[in-house]
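Note sheet for the following structure.
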There are 2 protein chains.
Amino acid sequence: MNLDKLPTPSLILDRNCLQRNTEAMTARLKKHDVALRPHMKTAKSIEVARLALAGNFGGITVSTLEEARYFARNGITDIVYGVGIVPAKLDFLAEIQGKVGENALFSVILDNPGVARDVAARAQALGSSFEVLIELDCGGDRAGVPVGDAERLLAVAAGLQQGGGVALKGVMTHAGHSYHCHGKAEIESVAEQERAGLVWAADCLGAAGLPCDVVSGGSTPTAVFAKNLDGVSEMRPGVYMFGDVMQQEIGTCSGEDIVVTVLASVIGRGGRSGNEHILLDAGALALSKDRGADEFSPIAGFGLVFDVENRSFQGLSVSDAHQEHGLATGPSLPALEIGERVRIRPIHSCLTTAMYQRYHVVEGGRQVVAVWERTGGW
Amino acid sequence: MNLDKLPTPSLILDRNCLQRNTEAMTARLKKHDVALRPHMKTAKSIEVARLALAGNFGGITVSTLEEARYFARNGITDIVYGVGIVPAKLDFLAEIQGKVGENALFSVILDNPGVARDVAARAQALGSSFEVLIELDCGGDRAGVPVGDAERLLAVAAGLQQGGGVALKGVMTHAGHSYHCHGKAEIESVAEQERAGLVWAADCLGAAGLPCDVVSGGSTPTAVFAKNLDGVSEMRPGVYMFGDVMQQEIGTCSGEDIVVTVLASVIGRGGRSGNEHILLDAGALALSKDRGADEFSPIAGFGLVFDVENRSFQGLSVSDAHQEHGLATGPSLPALEIGERVRIRPIHSCLTTAMYQRYHVVEGGRQVVAVWERTGGW
């Protein structure tokens, strides 16, 4: 099978490019003497995880309980579930842990004293044990104990002491605001804010005689541009594996570093003149409706269109996306025939890849050398 | 199992509400003496299809070849594939048709003379036969022979005569621009534009001595508000089954008519004050990033938040959506505890439901009475 025959839309993954990206991040963090705990929320594939883990300690981050189940079943047993836990979800994690066996090391995150108490009690009732990282808000304004709020940080830690099923292991944060930075200097500054917040929290816990072995940062932009990671024990970037137009705009990758593309067919030329746009069979479902790149490059729309060999069409992008129709426009329309194929670089690879059950793997060329299944849902 | 125990996020479908919606559309089109060929692109479920087909002739519309395969395998054999065909895709349709047997009636759509020729030739080479509807552009500016362009219409029809594998059956259009109408009068006007375009094309073909048994319109708004459907033989609405916030804004349904909701858990309260938003475990993947309702109601964000009994929280909506986090804000934040559950009405149910593999079916209450699988992908 090759890209000229594969049904469209299909999700293509370039293995060579992926390996360059995973090796680069591994090398980058080794220089900082910081462990890499890749976030599998983007890739959701054991084959991708194996590449990302090469040369690293073997722990991962996940964003759903389904990912935890999938990766544990595939032999990865050191897993941080990186979305705030609620007690009811421990039952499912305990069930997975029971199946994987005693060497499973599952960590959960939380930021609230009451939840800490309830999680400790629930874990004990289940007869399970979990490691806990306290989530910090280092400026992303999403979740976490705000950096500087020592009272709340220590109250969360105290909550964990009230049940026997959990062990405080440290602190974590995700500098999500790095996605809105314009330029390297801004990202460097957010990376330092992330590091400083983590170190503040580790110091707070240490001063109170509490353990803090794990000091965990996140985000691809901060992992790429951090100048100093002193005091940080691990980083949890995810989208660096695949890149996307958004990451290209932020500056963490080049266009050639984008690993996944959507293979689509030209199914028409439309508009009143019959020549106002090229109609593709990749629309809102095949690409997602993420417009995250608008902030940087409104013309990127729902994805940038390239030919099957990844050559540019000079600014052609999917400017409108209906459920199964993508309308490609640009400064000029290339002479593409109906039935010809194109490849679309996604705006946000985490969301685009989520629409597919598998990757069709190439190694630079048109030949599909493997099919990698991926998990999804919850 | 009930809504208090189900893992979150999950997709909930209210069967009673669905049945009201499907019966209403069936009755509405019967009054016009127009056949209903429901579009299954939203529901992608045989159980939903059975309800939508009750009292109707049994034909459906699909948006992907995978839907065609799924519904054919489940016994539905009169299927219009409602996205412009390219010759290479006939191979897959022929394969399905071969499995279903001789009574399978697959129709494809196209709008281009060259494609008509190539499709006719490819069908003949495959030894298959397909019915063809010529797609018209009645104002949506997406695909189709522009209404009024008799030369192109007849050229497409002529292309079909050049191979033995296809039979011209008629014309079809989708008044997608009805989604941007404000108010009933505007939709009535688009519905008339859709009808008039179809009738023009049917007359053109008739005058040339060509067959046009099928005169097929589309879109939920035009099916709901059309005053006159004279000359139209069938309508292909889809989203009317489920409704969504977008359809509520357009006026085709009320909030209580929305059939599908996303069950989510409160996982935190966030922001610098720890009280600026309610954090839900339904984010960009659980809801989709469709912002289609912005044009009508920017506060709707990525979905409107209700309690488990579908009672309003007075304007609470998901105003920001990260991959697995939804940030709910509103005029005031309700006193929801971490771990409590809410239900989110989707902005665009076609895209939200696509993120799930199954519906958890309720009948008004909290009890899950059935689980209906759905298909997805391509």
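Quick caveat, the model's predicted, so the values are computed rather than measured. A, B, ... follow the sequence lines: proteins, then strands. Residue 1 opens every chain.
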At a 4.5 Å cut-off on heavy atoms, which part of A/Arg291 comes close to chain B: side chain, backbone, both, or neither? neither
Could you tell me which of A/Glu135, A/Glu324, A/His277, A/Lys5 has the largest number of non-hydrogen atom pairs under 4.5 Å with chain B? A/Glu324
Cut-off 4.5 Å, heavy atoms of chain B, and the answer for A/Lys89 is side chain
Determine whether A/Val318 and A/Leu287 make a side-chain contact, defined as any pair of heavy atoms from C-beta on separated by less than 4.5 Å. yes
Ion pair A/Lys44/A/Glu67, N-O distance below 4.0 Å: yes
Please state whether the side chain, the backbone, both or neither of A/Leu285 comes within less than 4.5 Å of a heavy atom of chain B. both
Interface moiety of A/Asp118 toward chain B, non-hydrogen atoms closer than 4.5 Å: neither
If you tally heavy-atom pairs under 4.5 Å against chain B, which of A/Gly144, A/Ala286, A/Gly377 wins? A/Ala286
Of all residues at least two apart in sequence or in a different chain, which pass the salt bridge (Lys or Arg N to Asp or Glu O under 4.0 Å) check with A/Arg269? none
Counting heavy-atom pairs under 4.5 Å to chain B, which of A/Asp111, A/Asp137, A/Val266, A/Asp281 comes out on top? A/Asp137
Which portion of A/Leu351 sits near chain B, non-hydrogen atoms under 4.5 angstrom: both
Checking A/Pro9 against chain B: side chain, backbone, both or neither under 4.5 Å from a heavy atom? both
Flag the pair A/Cys138 / A/His177 as yes when at least one side-chain heavy-atom distance between them is below 4.5 Å, and no otherwise. yes
Residue list, ring-ring contact (aromatic ring centres under 6.0 Å, His included) with A/Phe302, at least two apart or on another chain: none
Heavy-atom pairs under 4.5 Å with chain B - which of A/Arg152, A/His348, A/His322 has more of them than the others? A/His322
Is the shortest distance from a Lys or Arg side-chain nitrogen in A/Arg142 or B/Asp320 to a carboxylate oxygen in the other one below 4.0 Å? no
When A/Val86, A/Asp149, A/Asn112 are compared by non-hydrogen pairs under 4.5 Å with chain B, the top option: A/Val86
For chain A, the option from B/His325, B/Met355, B/Gln357 that forms the most heavy-atom pairs under 4.5 Å: B/His325
Side-chain heavy-atom pair A/Ser288, B/Lys289 within 4.5 angstrom cut-off: no
May I ask you to test the B/Leu136-B/Leu153 pair for a side-chain heavy-atom distance under 4.5 Å? yes
So does B/Arg341 pair up with B/Asp4, basic N to acidic O under 4.0 Å? no
Options A/Ser63, A/Ala354, A/Gly84, A/Gly268, ranked by heavy-atom pairs under 4.5 Å with chain B, top entry: A/Ser63
Heavy-atom contact with chain B under 4.5 Å, split by part of A/Thr8: both
Name the region of A/Ala321, side chain, backbone, both or neither, that has any atom closer than 4.5 Å to a heavy atom of chain B. neither
Suppose we call two aromatic rings close when their centres sit under 6.0 Å apart. Are A/Tyr81 and A/Phe92 close by that rule? no
